[in-house]
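Worksheet: the structure to be examined is printed underneath.
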Amino acid sequence: MEKPSKIAPAKGKLGVLLPGLGAVSTTFMAGVELVRRGKSQPVGSLTQMGTIRLGKRTEGRSPLIKKFVPLADLKDLSFGGWDIFKDNAYQSAANAGVLNPQDLEKVKPFLSTIKPMKAAFDQDFVKLIDGPNIKKGKNKYELALQIKEDIANFRKTSRASRLVTCWCGSTESFVKPEEVHSTPEKFVDGMKSNHPAIAPSMLYAWASVTSGVPYANGSPNLSVDIPAIQTLAHEHNVAICGKDFKTGQTLLKTVLAPAFKARMLGLDGWFSTNILGNRDGEVLEDPGSFKTKEESKLSVLEYILQPQLYPQLYGKMHHKVRINYYPPRGDNKEGWDNIDIFGWLGYPMQIKVDFLCRDSILAAPIVLDLVLFLDLAQRAGMRGIQEWLSFYFKSPMTAPGLYPEHDLFIQSMKLKNTLRWMRGEDLITHLGQEYYD
């Protein structure tokens, strides 16, 4: 990829399209409105609170990221989305129960104006929920064209000069890549014939990319990461990224596992279990949807620890993941980890982690950062997979044949070095020998 010679300015409104107006989407939108009204702080958002070191440590140059690269301003964001329920964003946020009533009341007029468009939905892919606000069409291609029409209408009515789509919907049943996903032509034929391996999330990805709209996949679904959509992203000069927001338990895995590997500590086993009571937890009760999530969560340790390179340390590790739907907990997910490690001479040790997190509170700033960074990439002419945004995902997309980096610290360095590269600043390697010459 060539370095951008020029980044177009962030002029006009940036429209944010969200398939799925549930807990994550409404927490994100409510939070943006609270922040731009000066009622709260954007904690957890790298684009809003993060700094970036430039040059040598002795230079003392560490501007805010949003001052270093030309990001869209929060005041210029407008919102739209799709959902299988007719509730407006305020009603949906109240039902989700993530934010307290006092915070929701401050943004009730704003959220109440955001009403969901009818969603493309197929219960073969999400078996345990259903709703009345669903598109009708003779085939999947017709549904995808309806989504394209929604995108065009939103662009017009919101008067947005640019758009970004970020999937915040439910986890779909596990789908393996098939021939129908291999080329744009076969994918269109598959939509027209209602091919069973084409999921609703793929329709949103196709509609967005062919409309020239960058697309982020916040779920573990197979969607924007199929060859057909990736080819279209290059043809339409669109930035894409995914998949599966890295929020709670997996975030900590990508912090702890690199520490074990860096110190050459062995790992016998890692048992992870979760309880959560939101819509995501309900959906994951279905074995097909759980399989999709499990594949995403299990891949992390294999790639970080590289047991093929360190068979004595990680060759026999046992990694188990469980997710249990427990309605009383709501959006306040709890993740337990039992980690069996061993050290010098093989002597065993244990680590216990109990992370009582808030799923949507952790996901909302990820949505904001992805929207702003994807828009930046689009204005910089960076088409196709944006691997530098791996920092935000459990299963980062990469070029074919390239293994993903899951180590949070490598991902952070990659993201910030990409921003330096975009602006013509020296990349930072942390070598530092020049200080001792």
Side-chain angles (χ1 to χ4, degrees), residues 17-22 80-86 115-157 163-236 238 240 242-243 283 286 288-289 291-292:
L17 284 165
L18 303 163
L21 288 185
W82 300 264
D83 202 88
I84 65 172
F85 298 104
K86 295 181 179 180
K115 298 177 174 63
M117 295 174 276
K118 288 185 177 181
F121 182 75
D122 185 341
Q123 228 177 351
D124 286 342
F125 290 92
V126 181
K127 293 182 169 59
L128 297 185
I129 59 170
D130 197 3
N133 201 39
I134 295 171
K135 293 184 183 299
K136 305 290 185 185
K138 65 181 180 182
N139 56 40
K140 295 178 181 181
Y141 183 65
E142 193 171 288
L143 296 176
L145 292 179
Q146 290 178 33
I147 297 171
K148 278 178 70 81
E149 188 176 345
D150 290 342
I151 292 170
N153 289 338
F154 177 77
R155 191 193 297 269
K156 185 177 180 180
T157 57
L163 301 177
V164 174
T165 303
C166 185
W167 176 274
C168 295
S170 296
T171 299
E172 296 168 334
S173 291
F174 184 68
V175 177
K176 288 184 177 181
E178 296 189 18
E179 188 66 22
V180 71
H181 305 132
S182 61
T183 68
E185 296 76 19
K186 290 179 180 178
F187 188 75
V188 168
D189 288 343
M191 288 193 289
K192 290 178 178 178
S193 64
N194 282 326
H195 196 286
I198 294 180
S201 63
M202 297 179 189
L203 306 183
Y204 286 95
W206 181 87
S208 295
V209 170
T210 57
S211 299
V213 178
Y215 189 96
N217 178 16
S219 76
N221 304 337
L222 184 72
S223 64
V224 75
D225 46 335
I226 59 175
I229 304 296
Q230 293 178 26
T231 299
L232 288 169
H234 277 269
E235 291 177 356
H236 291 267
V238 171
I240 56 174
K243 60 185 186 177
V283 167
D286 171 59
S289 293
K291 173 69 173 171
T292 307

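When each of Ile151, Ile147, Asp150 is checked for a side chain to side chain contact (heavy atoms under 4.5 Å, CB included) with Ser211, only Ile151 meets the rule.
Between the side chain of His181 and the main chain of Ala197, a donor-acceptor pair closer than 3.5 Å is present. Remark: the backbone N or O of Lys118 is paired with a side-chain donor or acceptor of Lys135 at under 3.5 angstrom. Of the possible polar contacts, one joining the Lys148 side chain to the Thr210 backbone as a donor-acceptor pair under 3.5 Å is found. Remark: side-chain polar atoms of Asp122 are not paired, donor with acceptor, to backbone N or O of Pro200 under 3.5 angstrom.
When side chains are defined from C-beta on, Phe121 does not count as touching Asp83, because their heavy atoms never get closer than 4.5 Å. Side-chain contact check for Met191 versus Leu203: some heavy-atom pair is nearer than 4.5 Å. Within the 4.5 Å cutoff, no side-chain heavy atoms of Phe125 are placed close to those of Asn221. Side chains of Glu172 and Ser219 form no contact here, defined as non-hydrogen atoms less than 4.5 Å apart.
Residues meeting the side-chain contact (heavy atoms from CB on, under 4.5 Å) test with Thr231, sequence neighbours left out: Pro184, Glu235.
Ring geometry, Trp82 versus Tyr204: the interplanar angle exceeds 60°, so the pair is classed perpendicular (tilted spans 30 to 60°).
Side-chain contact check for Ser223 and Lys243: no donor-acceptor pair (N or O, by modelled atom type) lies under 3.5 Å.
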